[in-house]
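The figures here come from the full heavy-atom set of this structure, side chains too, leaving out hydrogens, waters and symmetry mates. The chain is numbered in sequence order, starting from 1. Source: prediction; values computed, not measured.
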Amino acid sequence: MKAVVLAAGKGTRLRPLTDDKPKGMVEVDGKPILTHCFEQLAELGAEEFIVVVGYRKEAIISHYGDSFEGIPITYAHQREQNGLAHALLTVEDHIDDDFVLMLGDNIFQANLADVVKRQQEERADAAFLVEEVPWEEASRYGVCRTNPYGEITDVVEKPEDPQSNLVMTGFYTFSPAIFHACHLVQPSERGEYEISEAINLLIQSGRTIDVLRLKGWRVDVGYPEDRERATKLLRGEIDVETDEDDDVEQISIE
């Protein structure tokens with residue numbers, strides 16, 4: 001599979017760390033966030049990295065060049081940061097099969113391989129990890145709403161008043177069907193083309209989507225304190241409760 005990494009954002013909440021560099025180049029435990037992403041994707045067998053760049057893109061391109069550990073890198077340019085669905089459309093011409101999507105500000109130590117395996121085995125149109133977060137943090141993410149049977153009915157991007165604390169984590173697999181959905185997305189109240197709305201369109205069209213609960217941990221490095229937490233987790237200085245059960249819990253999607 002090819003792996004798409006979104007790294008075009010300004011990272012305004014990470015200032016002053018991003019005053020002179022893009023968010024993906026902020027170091028966590030001695031190396032840029034993007035390096036952590038590439039290493040994890042390489043372990044999953046990524047055949048090519050397609051990196052969406054924008055803000056201070058020269059810093060990323062000059063640092064990594066045209067390959068990472070022998071894996072070729074192609075750059076796509078998002079000239080205006082108009083949301084994740086908009087960013088994803090910049091790579092449409094480079095994708096002709098199922099692919100992985102990772103947000104370039106997340107660090108994972110989790111069951112990413114389970115998502116890739118589910119996409120390959122079931123030929124799903126999409127699969128992604130979700131996790132429960134503290135209620136006060138849910139508004140930072142795409143929040144998954146469920147019906148009384150525990151089925152996910154839709155996803156709401158960064159709601160002011162979250163109706164759930166089950167959120168998307170920034171790691172997905174998609175078939176090329178996601179591009180058609182992205183073309184249909186209309187700007188949200190935030191004025192952005194949201195990936196959550198593209199996923200909702202897939203749900204409404206009856207596409208097959210598998211949703212797996214995260215096992216392990218991930219940190220969305222959105223604030224300076226997130227960077228410190230990720231560093232401590234990587235160094236083993238703090239513990240995170242993990243489920244040792246080998247079974248992967250699947251959440252139904254309607």
Side-chain angles (χ1 to χ4, degrees), residues 3-41 49-65 68 73-92 94 100-108 128 133 136-143 155-160 167-172 178 182 185-199 218-231:
V4 176
V5 182
L6 303 187
K10 294 182 178 180
T12 54
R13 297 174 299 180
L14 270 173
R15 287 176 176 165
L17 298 172
T18 52
D19 284 345
D20 62 349
K21 64 173 68 73
K23 180 161 47 171
M25 295 305 296
V26 172
E27 290 193 353
V28 175
D29 196 22
K31 53 190 174 185
I33 298 171
L34 279 177
T35 297
H36 291 282
C37 293
F38 292 161
E39 289 176 344
Q40 291 165 332
L41 291 167
F49 298 132
I50 304 173
V51 184
V52 180
V53 295
Y55 174 70
R56 294 189 176 273
K57 61 189 178 186
E58 297 81 5
I60 295 173
I61 296 171
S62 64
H63 184 84
Y64 293 105
F68 177 84
I73 299 176
T74 298
Y75 297 97
H77 300 262
Q78 186 188 24
R79 305 192 184 281
E80 296 182 12
Q81 280 70 64
N82 291 329
L84 299 186
H86 178 266
L88 191 54
L89 284 176
T90 66
V91 310
E92 184 175 10
H94 301 285
V100 173
L101 173 66
M102 179 182 279
L103 304 190
D105 53 7
N106 280 245
I107 296 178
F108 288 88
F128 56 90
V133 299
E136 62 271 17
E137 295 181 11
S139 61
R140 290 175 53 178
Y141 308 109
V143 173
V155 182
V156 182
E157 190 66 31
K158 298 180 181 178
E160 292 185 5
V167 305
M168 296 191 294
T169 64
F171 185 83
Y172 317 78
I178 189 64
C182 287
V185 169
Q186 298 298 309
S188 66
E189 293 182 358
R190 303 191 306 144
E192 295 190 0
Y193 296 85
E194 313 284 8
I195 191 68
S196 56
E197 184 57 29
I199 291 172
R218 69 105 188 198
V219 176
D220 171 12
V221 186
Y223 295 90
E225 57 266 30
D226 298 322
R227 176 182 178 234
E228 300 305 317
R229 180 168 180 265
T231 297

Closest approach of [X] and [Y], non-hydrogen atoms and distance?
{"X": "P32", "Y": "H63", "value": "CG-NE2, 4.2 Å"}
{"X": "E194", "Y": "V185", "value": "N-CG1, 3.9 Å"}
{"X": "F171", "Y": "M102", "value": "CD1-CE, 3.7 Å"}
{"X": "V52", "Y": "A87", "value": "CG2-O, 3.9 Å"}
{"X": "T231", "Y": "D29", "value": "OG1-N, 3.4 Å"}

How many angstroms lie between atom [atom1] of [X] and atom [atom2] of [Y], to the nearest 0.5 angstrom?
{"X": "K23", "Y": "Y55", "atom1": "NZ", "atom2": "OH", "answer": "11.5 Å"}
{"X": "D105", "Y": "C37", "atom1": "CG", "atom2": "SG", "answer": "7.5 Å"}
{"X": "H86", "Y": "I195", "atom1": "NE2", "atom2": "CD1", "answer": "12.5 Å"}
{"X": "R56", "Y": "I61", "atom1": "CZ", "atom2": "CD1", "answer": "14.0 Å"}
{"X": "M25", "Y": "T35", "atom1": "CE", "atom2": "OG1", "answer": "6.5 Å"}
{"X": "L34", "Y": "E27", "atom1": "CG", "atom2": "CD", "answer": "11.5 Å"}

message: Determine whether a donor-acceptor pair (N or O, by modelled atom type, separation under 3.5 Å) exists between the side chain of Y75 and the backbone of G65.
response: yes
message: Could you check whether any side-chain N or O of R218 sits under 3.5 Å from a backbone N or O of N106, counting only pairs where one atom can act as donor and the other as acceptor?
response: no
- request: In sequence, state the C-alpha distance, the side-chain angles, and the governing distance for S196 and M168, and then conclude on side chain to side chain contact (heavy atoms under 4.5 Å, CB included).
  value: CA-CA 9 Å; S196 56; M168 296 191 294; 4.0 Å; yes
- request: Report the relative orientation of the aromatic rings in F128 and Y172; use parallel for angles under 30°, tilted for 30 to 60°, perpendicular for over 60°.
  value: tilted
With a cut-off of 3.5 Å and sequence neighbours excluded, list every side-chain donor-acceptor pair involving residues 4-22.
{"from": "T18", "atom 1": "OG1", "to": "G11", "atom 2": "O", "distance (Å)": "2.7"}

query: D220 versus L103: any side-chain heavy-atom pair under 4.5 Å?
result: no
Side-chain heavy-atom pair P187, Y193 within 4.5 angstrom cut-off: yes
task: With sequence neighbours excluded, tell me which residues meet salt bridge (Lys or Arg N to Asp or Glu O under 4.0 Å) with R79.
output: none
field: Counterpart residues, salt bridge (Lys or Arg N to Asp or Glu O under 4.0 Å), relative to E228 (two or more places apart)
entry: none
field: Polar contact flag, side-chain donor to acceptor under 3.5 angstrom, K31-H36
entry: no
message: Just by distance, no angles: are the side chains of Q78 and T90 close enough, under 3.5 Å, to form a donor-acceptor pair?
response: no
message: Please determine whether a side-chain nitrogen of the Lys or Arg among R140 and D226 lies less than 4.0 Å from a carboxylate oxygen of the Asp or Glu.
response: yes
Do other residues, nucleotides or ligands put more than 12 heavy atoms under 6.0 Å from [X] [atom1]?
{"X": "F108", "atom1": "CZ", "answer": "yes"}
{"X": "E80", "atom1": "CD", "answer": "no"}
{"X": "E189", "atom1": "CD", "answer": "no"}

message: Quick check on the 6.0 Å ring-centre criterion: do Y64 and F49 meet it?
response: no
message: Under the criterion side chain to side chain contact (heavy atoms under 4.5 Å, CB included), I'd like the reasoning laid out for V51 against F38: C-alpha separation, chi angles, the key distance, then a yes or no.
response: CA-CA 10 Å; V51 184; F38 292 161; 3.7 Å; yes
- request: Let me see the working for I33 and I107 under side chain to side chain contact (heavy atoms under 4.5 Å, CB included), right down to the final yes or no.
  value: CA-CA 7 Å; I33 298 171; I107 296 178; 4.2 Å; yes
